[in-house]
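By convention in this document, chain letters (A, B, ...) are assigned in the order of the sequence lines, proteins followed by strands, and residues within each chain are numbered from 1.
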Protein chains: 2
Amino acid sequence: MYSRFMSTSERLIESTRELLWERGYVGTSPKAILERAGAGQGSMYHHFKGKPDLALAAIRRTADEMRATAEGVLDGPGTPYERIEAYLTRERDVLRGCPIGRLTMDPEVIASDELREPVDETIDRIRERIAHLVEEGKEQGQFGAGLDGEAIAATVVATVQGGYVLARASGSPTAFDAGVRGLLSLLAPRPTD
Amino acid sequence: MYSRFMSTSERLIESTRELLWERGYVGTSPKAILERAGAGQGSMYHHFKGKPDLALAAIRRTADEMRATAEGVLDGPGTPYERIEAYLTRERDVLRGCPIGRLTMDPEVIASDELREPVDETIDRIRERIAHLVEEGKEQGQFGAGLDGEAIAATVVATVQGGYVLARASGSPTAFDAGVRGLLSLLAPRPTD
DNA sequence: GTCTATAAAACGATAGAC
DNA sequence: GTCTATCGTTTTATAGAC
């Protein structure tokens, strides 16, 4: 199911990451993880204390990966507007939803400070990075001085997260793209400014 | 647990609505529903074909209710901008999330056209209503002629849905409010326009 | 209509052989 | 380290008494 050169512990984490993305924490059973990883019960309980412990390892890895991807784009080339645009329009598997954002709808993730922490941390870091970009854009005169960086950043991240909701509701990525397009049209530096 | 004058069938639907909101479809067991409703197995299987059938009744009711609430605000008094503002700022139990939007993260809801239909329909109707309002605002000169009603509507609904994600990630409604504030600042009719 | 009894399977974990 | 066996509980339902 995975590379022959991946350790059992690695295969367990990767299986869990996939299942958490597809089905969330409450919808993912150890049995399903083990089947996908091609491992037995013993392996899982040898490497991890149980389902919450394995899930934590999986969530942390997904969070780190997403943070790196987002920051790669936000710290990339271009003006502040262009970098926010790049973040909003980067390729996404829209109908699969956000592997981190979807966890916020899971009651057991939200009930556990440990499981929620990497989710919160990731979203917060991206939000802070965008807020900083907006402030930079204001200094450069690209954005109106009246904009609040923190608020705009929340709008940007929320539009992405909510875009997944619209797309999955309709079964098509169209609404996600429309939401992004609407936000970019509101955010765009206007020649008249 | 509910009014003595509520029928068993009603109590089952209401219990299911609450649990779907709190835990989603995969996280809600018939047993939990029955306990909350104060009913036995037999009652549930007498009134409903099974879990999916009961969930459908519950989802339909929540969808109808949400549609009515949203349209009540969007069709209320005020200019197009004011009505969109009223929609965005209406009182919400932010940390509980959206009882309809959260269902889009549930694999079994998304896998079932029947369960997904009321979710899709509700979000789509609200989006259409907002798109129409934006077009009205354009005709009245309140919004720039360059805005695309459908796109802005998607942004508005996505900001709300994504705002729930940010709020639940951080455990505080602050980020929801910030996202709404950011969007309103971008959308606000400017005297200079 | 509502209840309890029963059931096969899945859940999450432990024990212990290899 | 990995496996299978076992465990007690929960899940989703059916059967049948009342």
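With D:dC3, C:dA13, D:dT2 as the candidates, the nucleotide lying closest to the side chain of A:H47 is D:dT2. The side chain of A:A39 has D:dC3 as its nearest neighbour among C:dA13, C:dA10, D:dC3. Distances from the side chain of A:S43 to the nucleotides D:dA13, D:dC3, D:dT11 place D:dC3 closest.
Rounded to whole Å, the distance from CG on B:L54 to P on D:dT12 is 12 Å. A:R11 has its CZ atom 12 Å from the C1' atom of D:dG1, to the nearest Å. Between the NZ atom of A:K51 and the P atom of C:dA10 there is a distance of 16 Å, given to the nearest Å. Atom CG in B:L34 sits roughly 11 Å away from atom C1' in D:dA13 (whole-Å rounding). Across the protein-nucleic acid pair, A:E35 atom CD and C:dA10 atom C1' stand 11 Å apart, rounded to whole Å. Summarising the geometry, the separation between CG on A:L12 and C1' on D:dC3 is reported as 13 Å, rounded to the nearest angstrom. The nearest whole Å value for the distance from the CZ atom in B:R23 to the P atom in D:dT10 is 13 Å. The CG-C1' distance, from B:D53 to D:dA13, rounds to 14 Å in whole Å.
Proximity of B:Y87 to B:I126: side-chain heavy atoms (C-beta onward) are separated by under 4.5 Å at one or more points.
Under 4.0 angstrom from either OP1 or OP2 of D:dC3 there lies no side-chain N or O belonging to A:H46. The phosphate of C:dC11 (OP1 or OP2) has a side-chain N or O of A:S29 nearer than 4.0 angstrom. Between A:Y45 and C:dT14, a side-chain N or O to OP1/OP2 separation shorter than 4.0 Å is absent. Here B:T8 does not reach the OP1 or OP2 of C:dG1: none of its side-chain N or O atoms lies under 4.0 Å away.
The other residues sharing a hydrophobic cluster with B:L12 are B:I13, B:L19, B:I33, B:L34, B:M44, B:Y45, B:F48, B:L54, where clustering joins ILVMFWY side chains under 4.5 Å apart.
Atom CD of A:E114 has 12 or fewer heavy atoms from other residues, nucleotides or ligands within 6.0 Å.
A salt bridge links B:R125 with B:E121: the closest approach of a Lys/Arg side-chain nitrogen to an acidic carboxylate oxygen falls below 4.0 angstrom.
Aromatic ring orientation, B:F176 versus B:Y164: tilted (interplanar angle from 30° to 60°).
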